[in-house]
Amino acid sequence: MEKLVITGGTSLKGEVTISGAKNAAIAILPATLLIDGVCNIENVPNISDVRAYCEILETLGAKITWKGKNEIEIDTRNLSCTDAPLDLTSKFRASYYLLGALLGRCGKAVVGMPGGCKLGARPIDQHIKAFEALGATVDVSQGKILAKADKLVASSIYMDVVSVGATINAMLAAVLAEGTTIIDNVAKEPHIVDVANFLNTMGADIRGAGTDVIKINGVKKLTGNATYSVVPDQIEAGTFMIAAVASKGDILIKNCITKHLEPLTSKILEVGAHVEDIDGDNIRVWCDSRPKKANLKTLPYPGFPTDLQPQMGVVLAIADGTSIINETIFESRFQYTEELNKMGATISPQGTRAIFEGVPKLTGAPVYSTDLRAGAALIIAGIIADGVTEVYNLQHIDRGYENIEDKFRNLGAKIERVSE
Ligand code: UD1
């Protein structure tokens, strides 16, 4: 078993370069199944979810060639199978994209019930509703999902809830469907735009991604033969912005899209820290005093992202005054607060909200990462705490952050990965 051992009390200073977006990459990889050709993907984060996805694609007949640490060539001309390996697919959430992609390309998909971070119920009814609207039948039983269609035909779909996964899945299924599909009340996250841009580069005709309505003119075939670069990870960039605030540090975050970071930027200014948008692609964040209290509510983009809620929770845990976080996306997202309380925080989770009575400092303790973003929050907490913190359950963190301890170490953190 591995753990991170962090000796706290560091003010993080220096530069960090952001990797490609996890949530875009793990949608683009299955999207390649729609292509009857070869494509090249750059700026792919080298994280365990991406490596697992490559393994799944290979079992379906795709040929994957790593052309460097962050570049993959994928040849999907000769798919041989529509049944994804259940053990691999049930390990992470984004395996649900195999349904839309395989259904679109082959008319059939069998996928294990998606796993991933345990953040609450996480139903997939809107995914199923979209597939059925396009003419598929969907059966969920014995821990797997079977989707089938003789032919997919365009439709008008209204999403009952704003869902990132359902929006992308509906888009994947509709790309090769006959006619024009309209999907209304869709999610607008940057990685939705990125997946649409990727598919359009490969020959699809998708319009309106990033707005409330997406229109997809079905095409006969995606031919590929193009290169695409994954968008920078706004959640990784946000994690380092928050680390600068929590540690009273000064960090230049390179290779990000500052526009995607606006909801966080405004919260960082509210707690009294400073942000300089250098040129739209680089952002400097620094803090020279104890953060002030602030309330926040998570919302779909362009609201404050739920995936930055635990990291911002660390700032509010040490802020001057009492803050309240309202979590509107995932009901079980406050598990990290119990770990922060072991470090001296005073946080009371009450259902979908938590009250943070700010304390002047945290103290090191053994803590357990309960999910991916909780893990990032605990690393930040360890860096600012007095004494030594040990962070366990690194498999969650490794799913979504590339070289996280190297990046923090380069900023001055005293952090080591230790095998027990
Ligand atoms: C994705 C991200 C995750 C992020 C989340 C919200 C990936 C792999 N994961 O998760 O990191 O935290 O978006 O930005 O990209 N819902 C339904 N029915 C559905 C689908 C969703 O009721 O069919 C609900 C969910 O329970 C949740 C809300 O809609 O309350 C939003 O979920 P969704 O946007 O779908 O999140 P994920 O795609 O699971």
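Numbering of ligands and ligand atoms starts at 1, following listing order.
- Enclosure of atom NZ in K129 by more than 12 non-hydrogen atoms of other residues, nucleotides or ligands within 6.0 angstrom is indicated.
- Within 6.0 Å of CZ on R417 lie more than 12 heavy atoms contributed by other residues, nucleotides or ligands.
- Annotation for ligand 1: atoms under 4.0 Å from non-hydrogen atoms of T306 are 6 (C), 12 (O).
- Close approach of ligand 1 to G165 is summarised as follows: ligand atoms under 4.0 Å from at least one heavy atom of the residue are 35 (O), 38 (O).
- Close approach to H127 involves these atoms of ligand 1, each under 4.0 Å from a residue heavy atom: 23 (O).
- With Y301, F92, F330, Y96 as candidates, the residue nearest to atom 38 (O) of ligand 1 on a non-hydrogen basis is Y96.
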Run the numbers on N70 and E402 for side chain to side chain donor-acceptor pair (under 3.5 Å), then give the verdict.
CA-CA 10 Å; N70 300 104; E402 184 175 25; 2.8 Å; yes
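- Some N or O of V164 is nearer than 3.5 Å to an N or O of ligand 1, by distance alone.
- At a heavy-atom distance under 4.0 Å, only side-chain atoms of R333, from C-beta outward, approach ligand 1.
- Under 4.0 angstrom from ligand 1, the non-hydrogen atoms of R93 all belong to its side chain.
- Contact between L60 and D83 at its shortest, heavy atoms only, is CD2-O, 3.8 Å.
- Across all their heavy atoms, V50 and A25 have their closest contact at CG2-CB, 4.1 Å.
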Worked verdict on I235 versus Y401 for side chain to side chain contact (heavy atoms under 4.5 Å, CB included)
CA-CA 10 Å; I235 303 301; Y401 286 94; 4.2 Å; yes
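- Considering T328, V161, D307 only, the shortest heavy-atom separation from atom 3 (C) of ligand 1 involves D307.
- Counting only non-hydrogen atoms, the option in A94, P123, S163, G303 that gets closest to atom 19 (C) of ligand 1 is P123.
- Taking the six-membered ring where tryptophan is involved, the planes of H127 and Y96 are tilted, since the angle between them lies from 30° to 60°.
- Of the polar atoms of Q126, at least one N or O is found under 3.5 Å from an N or O of ligand 1, judged by distance alone.
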